[in-house]
Structure formats: structure tokens, C-alpha cells
Amino acid sequence: MSNTGMNMRGKITFYEEKNFQGRSYECMNDCSDMSSSLSRSQSCRVESGCFMVYDRNNYMGNQYFMRRGEYSDCMSMMGMRDCIKSCRMIPMQHRGQFRMKIYEKENFGGQSHEMMEDCDNVMDRYRMNECQSCNVMDGHWLMYEQPQFRGKMMYMRPGEYRNFRDMGMSCQRFMSMRRITDSC
């Protein structure tokens with residue numbers, strides 16, 4: 001594999017037990033159901049790249065952003081109720097601009113605003129009470145349920161998102177958004 005190909009890949013290793021104990025499963029791609037490889041995953045090491053991990057299969061449920069580092073107890077460190085069930089590698093090769101249109105209501109309803117930069121508070125910046133749908137045109141984003149990039153988060157890649165509830169999120173509105181840049 002060429003050097004450029006190596007830079008595009010991420011690598012995360014999951015462990016059945018806390019503190020990197022028990023059986024392990026190495027992953028360099030998306031994995032929608034880890035149960036065929038591990039009975040559970042309670043700790044992990046991100047060796048390169050960035051990943052989103054989910055507490056339900058098929059990239060559903062609560063989501064957590066993981067960058068290079070060691071996570072010896074995912075359940076307590078991230079407030080997870082259950083172990084990691086699926087993961088998605090975040091591509092880090094985006095070199096263009098970032099563009100996302102956010103909407104106050106589901107199904108692209110209510111007022112809307114196009115974003116190209118991080119927004120720490122949609123109420124302060126756009127006078128929107130909440131964001132319940134969006135269209136990501138360029139780049140990859142993290143959306144947070146609270147201002148100042150706090151609370152539950154959701155990974156958004158290019159596409160239309162008419163209803164966040166369909167993605168298995170308990171939170172259906174978001175108050176801050178951040179671009180995922182090459183900082184992983």
C-alpha cells in the first residue's frame with residue numbers, strides 16, 4: 001500500500017473487558033455489528049484516525065467521537081449504559097469547504113441557515129430555538145444537543161437528514177455544530 005493509502009486508514013482495537021483485557025478485535029473499516037467478533041467491548045485503543053462508536057448495532061443509538069488515544073473504560077469515561085456495538089471510521093481526506101444547511105423543524109421545515117463554520121450556539125447566532133433536520137452538502141460534522149459542543153452528539157456525513165429520531169437518537173434536536181477537520 002502506498003504512503004497516501006496508509007494515511008487514509010484508521011485503526012481501532014476493541015477489547016472485551018476494561019483496561020484492554022480479554023479478547024480483542026482490530027478494525028480499520030466500518031463495522032455495523034461487532035457481536036460476531038466480540039461478545040462485548042468495554043475498552044479500546046485508537047491507533048490512528050477518528051471513529052464514531054455506537055451503543056447499538058447498525059450505527060444507531062448514542063454516539064461517541066473517538067480520536068487517537070486509549071479508552072480503558074468506555075462505559076464510565078463516556079457515560080455509556082451499554083458496551084460498544086458498532087463503529088464507523090471517519091474519512092479524514094476532506095480538503096474542500098464545509099457546508100451544511102440546518103432547519104429549525106423536522107422535514108426541512110421552519111427557518112433555515114447555511115453554515116460553513118463551527119457554531120457553538122444556534123440560538124445566539126441564528127435565533128433558532130433548535131435544529132431538527134439538516135442537509136450536509138460538504139464535509140463531515142458533529143452535532144451536539146447542548147450549546148458549547150456539550151451533551152450527546154451525532155455524526156453527520158454528506159446527505160439529507162429529515163428526522164433525527166430515525167437515526168435512533170433519544171435527542172431529536174441539536175444546539176451546536178462542529179466541523180470534523182484533519183486533527184485526528
Side-chain angles (χ1 to χ4, degrees), residues 6-94 100 118-120 131 134 136 139-159 161 163-184:
M6 291 289 281
N7 292 335
M8 290 172 42
R9 282 218 133 25
K11 182 178 176 186
I12 187 170
T13 304
F14 296 98
Y15 298 85
E16 282 187 328
E17 305 297 334
K18 297 175 185 175
N19 299 312
F20 319 109
Q21 300 296 309
R23 291 182 349 160
S24 65
Y25 171 64
E26 190 175 281
C27 186
M28 294 189 295
N29 296 303
D30 295 352
C31 180
S32 64
D33 182 2
M34 293 183 11
S35 65
S36 61
S37 303
L38 292 176
S39 60
R40 65 182 174 268
S41 174
Q42 295 188 14
S43 59
C44 66
R45 280 190 178 105
V46 178
E47 294 178 40
S48 59
C50 292
F51 290 82
M52 287 306 290
V53 297
Y54 304 80
D55 63 4
R56 290 177 44 202
N57 292 336
N58 299 313
Y59 320 113
M60 302 287 274
N62 294 313
Q63 307 178 19
Y64 305 91
F65 180 69
M66 313 284 274
R67 60 174 20 124
R68 189 175 178 171
E70 295 188 341
Y71 302 86
S72 61
D73 183 357
C74 294
M75 293 179 75
S76 67
M77 290 172 77
M78 294 177 266
M80 294 180 80
R81 288 187 214 124
D82 203 352
C83 58
I84 298 168
K85 303 281 178 98
S86 57
C87 76
R88 178 166 271 154
M89 186 179 77
I90 299 173
M92 299 310 300
Q93 298 304 312
H94 183 74
M100 174 170 58
D118 297 351
C119 175
D120 63 357
C131 169
C134 71
V136 177
H140 296 253
W141 298 74
L142 288 176
M143 297 178 71
Y144 298 82
E145 71 174 341
Q146 298 173 17
Q148 307 301 322
F149 314 115
R150 295 186 358 250
K152 291 182 181 177
M153 65 179 73
M154 184 164 59
Y155 168 53
M156 311 301 285
R157 54 190 189 170
Y161 301 90
N163 182 337
F164 299 140
R165 185 180 15 249
D166 293 344
M167 300 176 71
M169 291 294 296
S170 56
C171 172
Q172 290 131 29
R173 62 187 199 131
F174 292 90
M175 298 299 294
S176 56
M177 297 84 187
R178 175 178 279 160
R179 297 163 297 153
I180 301 175
T181 60
D182 290 354
S183 61
C184 293

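One is the number of the first residue; the rest follow in order along the sequence.
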Indicate whether the side chain of Ser176 and that of Gln148 have a donor and an acceptor atom separated by less than 3.5 Å.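 There is no such pair (donor and acceptor under 3.5 Å, judged by atom type) between the side chains of Ser176 and Gln148.
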Could you check if a side-chain atom of [X] sits within less than 4.5 angstrom of a side-chain atom of [Y], using non-hydrogen atoms only?
X: Phe20; Y: Glu70; value: yes
X: Cys83; Y: Met34; value: no
X: Leu142; Y: Tyr155; value: yes
X: Met156; Y: Phe164; value: yes
X: Val53; Y: Phe14; value: yes
X: Lys11; Y: Glu26; value: yes
X: Cys74; Y: Cys44; value: yes

Is it true that a side-chain atom of [X] and a backbone atom of [Y] form a donor plus acceptor pair closer than 3.5 Å?
X: Tyr54; Y: Lys85; answer: no
X: Arg23; Y: Ser37; answer: yes
X: Asp55; Y: Gly61; answer: no
X: Asn58; Y: Met60; answer: no
X: Glu16; Y: Leu38; answer: no

Heavy atoms only: give me the nearest [X]-[Y] pair and the separation to one decimal.
X: Tyr25; Y: Cys31; value: OH-SG, 3.9 Å
X: Arg67; Y: Val46; value: O-CB, 3.4 Å
X: Gly10; Y: Phe51; value: C-CZ, 3.6 Å
X: Gly139; Y: Pro158; value: O-CD, 3.4 Å
X: Met175; Y: Glu145; value: CG-O, 3.3 Å

Within this structure, what is the [atom1]-[atom2] distance for the pair [X] and [Y], rounded to the nearest 0.5 Å?
X: Ile90; Y: Trp141; atom1: CD1; atom2: CH2; value: 14.0 Å
X: Lys18; Y: Ser41; atom1: NZ; atom2: OG; value: 12.5 Å
X: Met28; Y: Thr13; atom1: CE; atom2: OG1; value: 9.5 Å
X: Cys87; Y: Asn29; atom1: SG; atom2: CG; value: 9.0 Å
X: Tyr71; Y: Ile84; atom1: OH; atom2: CD1; value: 10.0 Å
X: Gln42; Y: Gln21; atom1: CD; atom2: CD; value: 11.5 Å

Trace of the side-chain contact (heavy atoms from CB on, under 4.5 Å) decision for Lys152 with Asn62: CA-CA 7 Å; Lys152 291 182 181 177; Asn62 294 313; 3.4 Å; yes
Check step by step if side-chain contact (heavy atoms from CB on, under 4.5 Å) holds for Met52 and Met153. CA-CA 10 Å; Met52 287 306 290; Met153 65 179 73; 4.1 Å; yes
Report the C-alpha distance between Cys134 and Met177 in whole Å, list the side-chain angles of each, state the deciding distance to 0.1 Å, and finish with yes or no for side-chain contact (heavy atoms from CB on, under 4.5 Å). CA-CA 11 Å; Cys134 71; Met177 297 84 187; over 6 Å; no
